[in-house]
Amino acid sequence: MSIVFHLSASVLCFVSVDQDMPGIGHSPAKERKWSVADMASAAAAVKAKKMSVRVASQYYNVPKSTLQDRLKGRYAVDAKPGPRTTLSKAEEGAVVSWVIEMVGIGYEITRKNVLAKAKVILDESGKMTGFPDNRPGKSWWYGLLRRHPQLTTILKLDRCLT
């Protein structure tokens, strides 16, 4: 239970909000409850004419509309939900390889170094982003670490050895 303060017409009201009551308070964000492998299996079953879209979506527990979008080619079957990354997979791979190479020859790599390298790659490719001065920030950095968890291990080891 939480208490919400509401100021209306110079009167301060105290409203008790029960989080268990539907439609009141903070609603949980939509969660994706299906895997990319399930989506691929459902798409394969429909393409092989083993199941209809409706039956495949129920059997593999994937959204029918999402399955239809992927079958019609609006999105790749193995595409992950959410916006695309700023750098392509190949460009991010180049950043990861650069970090591994620099750590391997003894340089201490910091977040600023990696962000500067990403800026160089963006500038060389001619991509214009929403980043100030085309330089990624902290959110991009933490996303990179989520997408490439081996970087976290490498950078932790680098800190221990120096």
Side-chain angles (χ1 to χ4, degrees), residues 2 17-104 109-159:
S2 66
V17 178
D18 188 0
Q19 295 296 333
D20 296 332
M21 293 177 61
I24 296 178
H26 177 51
S27 63
K30 277 188 165 182
E31 289 184 31
R32 179 175 61 107
K33 299 183 192 269
W34 51 271
S35 69
V36 175
D38 288 339
M39 182 61 70
S41 298
V46 172
K47 286 179 183 176
K49 303 210 185 281
K50 293 180 180 178
M51 296 181 187
S52 68
V53 173
R54 184 181 62 81
V55 171
S57 72
Q58 290 173 344
Y59 182 79
Y60 290 101
N61 197 28
V62 297
K64 181 180 149 196
S65 59
T66 306
L67 178 58
Q68 287 173 327
D69 287 344
R70 295 182 186 220
L71 289 168
K72 289 180 180 178
R74 290 189 185 119
Y75 302 101
V77 174
D78 61 346
K80 292 184 179 181
R84 292 186 177 143
T85 57
T86 305
L87 295 176
S88 68
K89 286 184 180 183
E91 291 168 333
E92 277 195 3
V95 171
V96 171
S97 297
W98 175 80
V99 169
I100 292 169
E101 181 182 339
M102 292 294 110
V103 168
I109 298 297
T110 64
R111 180 180 68 211
K112 287 184 179 184
N113 299 135
V114 177
L115 297 178
K117 180 64 175 176
K119 178 187 175 5
V120 168
I121 290 173
L122 287 169
D123 290 343
E124 287 175 353
S125 69
K127 287 184 183 178
M128 293 307 297
T129 65
F131 298 131
D133 194 30
N134 224 23
R135 185 178 187 274
K138 280 185 183 179
S139 295
W140 180 86
W141 166 253
Y142 290 117
L144 180 73
L145 293 179
R146 254 191 330 276
R147 291 186 295 275
H148 302 278
Q150 72 271 25
L151 279 181
T152 305
T153 306
I154 291 166
L155 293 173
K156 282 182 182 176
L157 282 174
D158 182 43
R159 299 279 187 294

Decide yes or no for Pro136 and Thr129: does some side-chain heavy atom of the first lie under 4.5 Å from some side-chain heavy atom of the second? no
Considering residues at least two apart in sequence or located in another chain, which fulfil the side chain to side chain contact (heavy atoms under 4.5 Å, CB included) criterion with Lys138? Arg111, Tyr142
Test of understanding: with salt bridge (charged side-chain N to carboxylate O under 4.0 Å, His left out), list the residues that count as partners of Arg54, not counting sequence neighbours. none
Asn113: partners by side-chain hydrogen bond (donor to acceptor under 3.5 Å, both in side chains), with sequence neighbours left out: Thr110
Straight-line distance of Thr152 OG1 to Leu145 CG, nearest 0.5 Å: 4.5 Å
Using every non-hydrogen atom in the two residues, find where Tyr60 and Ser41 come nearest and quote the distance to one decimal. CE2-CB, 3.5 Å
Rounded to the nearest 0.5 angstrom, the CG-CG distance for Asp133 and Asp123 is 7.5 Å
Worked check of side-chain contact (heavy atoms from CB on, under 4.5 Å) between Val99 and Val114: CA-CA 7 Å; Val99 169; Val114 177; 3.7 Å; yes
Test salt bridge (charged side-chain N to carboxylate O under 4.0 Å, His left out) applied to Lys47 - qualifying residues, sequence neighbours left out: none
Heavy-atom closest pair, residues Ala42 and Val62: CB-CG2, 4.0 Å
If a pair satisfies salt bridge (Lys or Arg N to Asp or Glu O under 4.0 Å) and one of its residues is in residues 89-102, list it, with sequence neighbours excluded. Glu91-Lys127, Glu92-Arg147
Could you check if a side-chain atom of Leu122 sits within less than 4.5 angstrom of a side-chain atom of Phe131, using non-hydrogen atoms only? yes
List the atom of Val46, the atom of Ala56, and the distance in Å for their closest heavy-atom pair. CG2-CB, 3.6 Å
For Lys64, I'd like to know if atom NZ has over 12 heavy atoms of other residues, nucleotides or ligands within 6.0 Å. no
Spatial distance of atom OG1 (Thr86) from atom CD1 (Ile121) [nearest 0.5 Å]: 12.0 Å
Taking all atoms of both residues into account, what is the closest heavy-atom pair of Lys112 and Arg135, and its distance? O-NH2, 3.5 Å
With sequence neighbours excluded, tell me which residues meet salt bridge (charged side-chain N to carboxylate O under 4.0 Å, His left out) with Arg146. none
